[in-house]
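Take a look at the structure below.
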Protein chains: 2
Amino acid sequence: MNIGEIARRANVSRSTVSYALSGKRPVSEATRRKIQQVVDELGYQPNASARALANGRTGTLGLVFPPAVGHHYTAMQLDFMGSLADAAAAHEHDVLLSTAGLDSVTSLRRLLAERRVDGVILMEVRLADERIEYLLEADFPFVTIGRTDAADRTSWVAVDHRALVTACVDHLADLGHRRIALVNRPERLLRVGYESAQRGLDGFRRAMAARGLTGRHYPCDDDAASGHACVERILADDPATTALVTLNEAALGGLYRGLAGAGRTVPRDFSVAGVALPHWAQMVTPQLTAADVPAAELGRLAVDLLVARLADPAGPSGHHLLTPPVSLRGSTGPAPLPLSS
Amino acid sequence: MNIGEIARRANVSRSTVSYALSGKRPVSEATRRKIQQVVDELGYQPNASARALANGRTGTLGLVFPPAVGHHYTAMQLDFMGSLADAAAAHEHDVLLSTAGLDSVTSLRRLLAERRVDGVILMEVRLADERIEYLLEADFPFVTIGRTDAADRTSWVAVDHRALVTACVDHLADLGHRRIALVNRPERLLRVGYESAQRGLDGFRRAMAARGLTGRHYPCDDDAASGHACVERILADDPATTALVTLNEAALGGLYRGLAGAGRTVPRDFSVAGVALPHWAQMVTPQLTAADVPAAELGRLAVDLLVARLADPAGPSGHHLLTPPVSLRGSTGPAPLPLSS
DNA sequence: TTGAAAGCGGTACCAC
DNA sequence: GTGGTACCGCTTTCAA
């Protein structure tokens with residue numbers, strides 16, 4: 001079933017079929033209808049490879065994300081991935097998944113060289129990300145999820161982790177908390193300059209300084225057991241700590257249990273705030289007061305930006321910096337009165 | 001940068017370059033090295049569209065899943081999706097995402113007609129799924145996640161929800177529980193014959209009957225609030241209920257809060273068991289005793305089956321029915337002594 | 001308003 | 001062991 005077959009059955013040339021379907025050249029109403037009839041009858045769809053080869057466009061967007069070696073994907077990443085396909089479909093594009101190491105451009109290079117996609121969306125970026133230099137160099141359309149050091153030269157969509165952590169700290173400070181800990185993503189990610197972790201940390205330091213508060217920073221692996229251990233360290237390092245802010249959603253269950261194990265009741269004795277998906281925030285009891293990451297919206301905006309860029313590669317780069325409000329749930333409350341010591 | 005350019009620079013014909021790279025015809029060591037050198041120098045990769053057009057293979061697997069209209073993807077679905085890309089990469093394949101309505105073959109038809117993929121993986125199947133008839137009819141390679149009514153004629157990977165729910169019921173019965181509720185996926189999914197929900201329900205009924213126990217069944221929407229409401233209904237319908245089994249991971253937080261709100265302490269007064277991702281089970285406190293769904297393994301096995309099918313379309317269909325053990329965590333305990341009434 | 005034909009960049013058959 | 005070339009299915013220029 002190809003365009004030649006359609007042409008034959010409609011008694012026209014192949015080019016006429018092509019034009020009738022694309023509308024790039026006027027076709028008489030009569031022939032157009034005849035062609036459409038044959039097409040419907042046979043359920044004809046142009047072969048994507050042939051079309052891509054001929055006009056240089058694949059109609060496919062690449063989604064580049066790190067392989068889940070050893071660890072799971074976070075709910076945030078995954079929810080985002082899901083939303084992307086829907087958004088792309090709305091623009092008549094498909095999404096191709098591509099796993100690529102956080103620190104490597106090789107698989108990215110392959111993706112571009114093979115011309116499988118028209119543009120890419122980069123998840124999990126580092127502040128200084130070599131893949132971005134590579135893409136700029138190659139003049140290949142892309143959008144990053146996260147705001148990198150090259151933000152002024154690129155298109156990106158990001159959650160403002162600095163502002164969100166600041167909002168959490170302010171909320172806790174307003175409640176009277178003076179000693180607050182930050183539970184961050186894993187050490188490994190911080191070391192490589194992982195954007196959300198770095199900006200979150202930055203926001204924490206600034207906000208704490210601005211308030212004249214004492215803060216400690218704890219990288220934490222993405223699992224419940226690490227969260228549990230992390231809380232124990234926090235309370236050992238400074239038993240007077242009365243609140244924490246977490247960027248690590250996977251550790252959340254462990255954080256709660258660690259607190260319970262230390263005899264701290266949330267939110268009476270200890271407050272917890274964070275940045276998380278609403279879905280995730282509602283799993284724990286009491287529900288987590290958190291800045292709700294709008295994963296689906298991030299996906300939609302990223303696709304919109306990329307598609308715009310494909311339509312006009314010379315156009316200006318676009319940005320969306322989202323700052324969702326902190327949803328007050330049950331995990332924060334007034335700071336407890338200090339124990340007399 | 002194309003194969004002609006490589007041929008020119010290496011002073012050989014295009015076909016020789018092609019054969020040197022594919023190894024489908026012997027090439028003298030000298031020319032092979034010369035070609036490889038030019039290829040490396042220029043970072044040449046064959047154009048995927050051209051290759052697909054010429055040999056009829058795209059090197060791409062399609063992942064068909066329902067659009068997340070209104071509801072989020074479940075952690076299970078998403079974790080699974082993530083694992084697929086890695087598994088496919090191991091077989092040198094890419095994964096193309098495609099959202100397709102649960103009850104429609106139209107987008108599937110387009111996917112096949114455009115020849116974008118060599119085979120598809122179908123998530124979220126119904127026991128009687130029209131897409132399967134369509135794929136069989138079209139003689140198109142596919143693997144389903146979930147065991148349908150056509151299981152004997154298809155390749156599939158599934159978690160044995162019947163056995164898992166049975167294991168949960170047996171575990172609870174052994175602990176002395178006599179009145180057990182099943183919290184299922186949403187009504188809507190049950191109505192359309194959603195596989196895991198249907199088989200889970202079937203397992204529940206059989207296991208309860210086999211033990212001579214009293215059970216009630218509760219469809220529940222995929223969110224915390226619905227879980228909360230669901231527990232209230234369970235306890236209103238039969239206050240003597242002392243345990244529940246849940247197939248609904250998204251409702252879990254709400255289930256716990258509903259129990260707490262009714263004055264039931266888990267696991268002292270009430271036991272909860274379920275089927276969930278380990279990650280998810282560890283979010284709640286006490287951690288959920290659950291059959292751990294091995295999402296990543298499901299993804300890997302599905303890709304293996306599909307790739308095998310592509311290599312030998314006439315070969316036998318393969319199956320993997322997984323029955324992960326129930327991990328005892330903290331949410332189940334001996335049935336409380338009945339209150340005198 | 002339509003048709004013929006030259007590509008797009010590979011693969012693989014047929015010769016030598 | 002290597003080269004020439006038809007062909008995969010579509011788009012688009014050129015000509016009528």
Side-chain angles (χ1 to χ4, degrees), chain A residues 1-39 42-60 92 94 110-118 310, chain B residues 1-39 42-60 92 94 110-118 310:
Chain A
M1 176 64 45
N2 56 35
I3 200 171
E5 182 67 20
I6 304 295
R8 199 166 312 115
R9 301 212 190 195
N11 287 313
V12 294
S13 71
R14 301 192 305 151
S15 52
T16 298
V17 173
S18 179
Y19 285 120
L21 293 177
S22 72
K24 293 190 180 175
R25 181 168 95 171
V27 171
S28 79
E29 183 55 22
T31 54
R32 205 199 55 70
R33 273 225 311 281
K34 174 63 183 162
I35 289 170
Q36 192 58 53
Q37 180 195 327
V38 176
V39 163
L42 277 67
Y44 167 75
Q45 294 282 143
N47 178 305
S49 302
R51 181 204 282 266
L53 181 55
N55 69 13
R57 294 210 141 204
T58 60
T60 304
E92 305 195 284
D94 285 312
R110 189 185 68 97
L111 195 62
L112 301 213
E114 287 184 336
R115 305 220 148 284
R116 271 183 198 273
V117 298
D118 297 334
L310 293 177
Chain B
M1 176 65 44
N2 56 37
I3 200 171
E5 182 67 20
I6 304 295
R8 199 167 311 117
R9 301 211 189 194
N11 286 314
V12 293
S13 70
R14 301 195 304 150
S15 53
T16 299
V17 173
S18 178
Y19 285 122
L21 293 176
S22 72
K24 294 189 179 174
R25 181 168 95 173
V27 170
S28 80
E29 184 56 20
T31 54
R32 204 198 56 70
R33 272 224 312 281
K34 175 62 184 161
I35 289 170
Q36 192 59 53
Q37 181 194 327
V38 176
V39 163
L42 278 67
Y44 166 76
Q45 294 281 144
N47 178 306
S49 301
R51 183 203 282 268
L53 180 57
N55 69 12
R57 294 210 142 206
T58 60
T60 303
E92 304 194 286
D94 285 312
R110 190 186 68 95
L111 195 62
L112 301 214
E114 288 185 337
R115 305 220 145 304
R116 272 183 197 274
V117 298
D118 297 334
L310 293 177

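Order of the sequence lines sets the chain letters (A, B, ...), proteins ahead of strands, with each chain counted from 1. This one's a predicted model, so the numbers in the text were calculated from it and none came from an experiment.
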Any chance you could measure [X], atom [atom1], to [Y], atom [atom2], to the nearest 0.5 Å?
| X | Y | atom1 | atom2 | result |
| --- | --- | --- | --- | --- |
| Arg25(A) | Thr16(A) | CZ | OG1 | 5.5 Å |
| Met1(A) | Gln45(A) | CE | CD | 11.0 Å |
| Asn11(B) | Ile35(B) | CG | CD1 | 10.5 Å |
| Asn2(B) | Arg8(B) | CG | CZ | 7.0 Å |
| Glu5(B) | Arg9(B) | CD | CZ | 4.5 Å |
| Ile6(B) | Lys34(B) | CD1 | NZ | 10.5 Å |

*Describe, as an angle rounded to 10 degrees, how the axis at the first end of the helix from dT1(C)-dA16(D) to dC16(C)-dG1(D) is tilted relative to the axis at the last end, five pairs per end.*
40°
Interatomic distance where [atom1] belongs to [X] and [atom2] belongs to [N] [whole Å]:
| X | N | atom1 | atom2 | answer |
| --- | --- | --- | --- | --- |
| Ile3(B) | dT2(D) | CD1 | C1' | 14 Å |
| Arg116(B) | dC10(D) | CZ | P | 13 Å |
| Arg14(B) | dC8(D) | CZ | P | 15 Å |
| Tyr19(A) | dT11(D) | OH | P | 10 Å |
| Lys34(B) | dG3(D) | NZ | P | 13 Å |
| Arg57(A) | dT12(D) | CZ | P | 11 Å |

*Would you check if the side chain of Asp94(A) reaches a backbone N or O of Thr60(A) as a donor-acceptor pair within less than 3.5 Å?*
no
_Taking Gly59(B)'s backbone N and O only, do any of them form a donor-acceptor pair with Arg51(B)'s side chain (distance below 3.5 Å, no angle check)?_
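No, Arg51(B) side chain to Gly59(B) backbone: no donor-acceptor pair under 3.5 Å.
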_Tell me if the CD atom of Glu92(A) is crowded by more than 12 foreign heavy atoms within 6.0 Å._
no
_Which is more 5' along DNA chain C, the nucleotide nearest Ser15(A) or the one nearest Asn55(A)? Just name the residue._
Ser15(A)
*Name the residue closer to the 5' end of DNA chain C, choosing between Ala50(A) and Thr16(A) according to the nucleotide with the nearest heavy atom.*
Thr16(A)
Minimum-distance pair of heavy atoms, taken over all atoms of [X] and [Y]:
| X | Y | result |
| --- | --- | --- |
| Ala7(A) | Val17(A) | CA-CG2, 3.6 Å |
| Asn47(A) | Ala50(A) | OD1-N, 3.0 Å |
| Gly4(A) | Arg14(A) | CA-CD, 3.8 Å |

_Interface with DNA chain D, restricted to residues 20-28 of chain B and to heavy atoms under 4.0 Å_ =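 Nucleic-acid contacts, sorted: Arg25(B), Pro26(B), Val27(B), Ser28(B).
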*Could you say whether Ser13(B) or Leu53(B) is positioned toward the 5' end of DNA chain D, judged by the nucleotide with the nearest heavy atom to each?*
Ser13(B)
*On DNA chain D, nearest-nucleotide positions of Thr31(B) versus Ser18(A): which is more 5'?*
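Result of the comparison: Thr31(B).
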*chain A footprint on DNA chain C, 5' to 3' - any atom under 4.0 Å from a heavy atom*: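 From 5' to 3', the first and last contacting nucleotides are dT1(C) to dG9(C).
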*Across the strands shown, which category fits Ser49(A) at heavy-atom distances under 4.0 angstrom: base, sugar-phosphate, nothing?*
nothing
*Can you check whether Asn2(A) has a side-chain N or O nearer than 4.0 Å to OP1 or OP2 of dG9(D)?*
yes
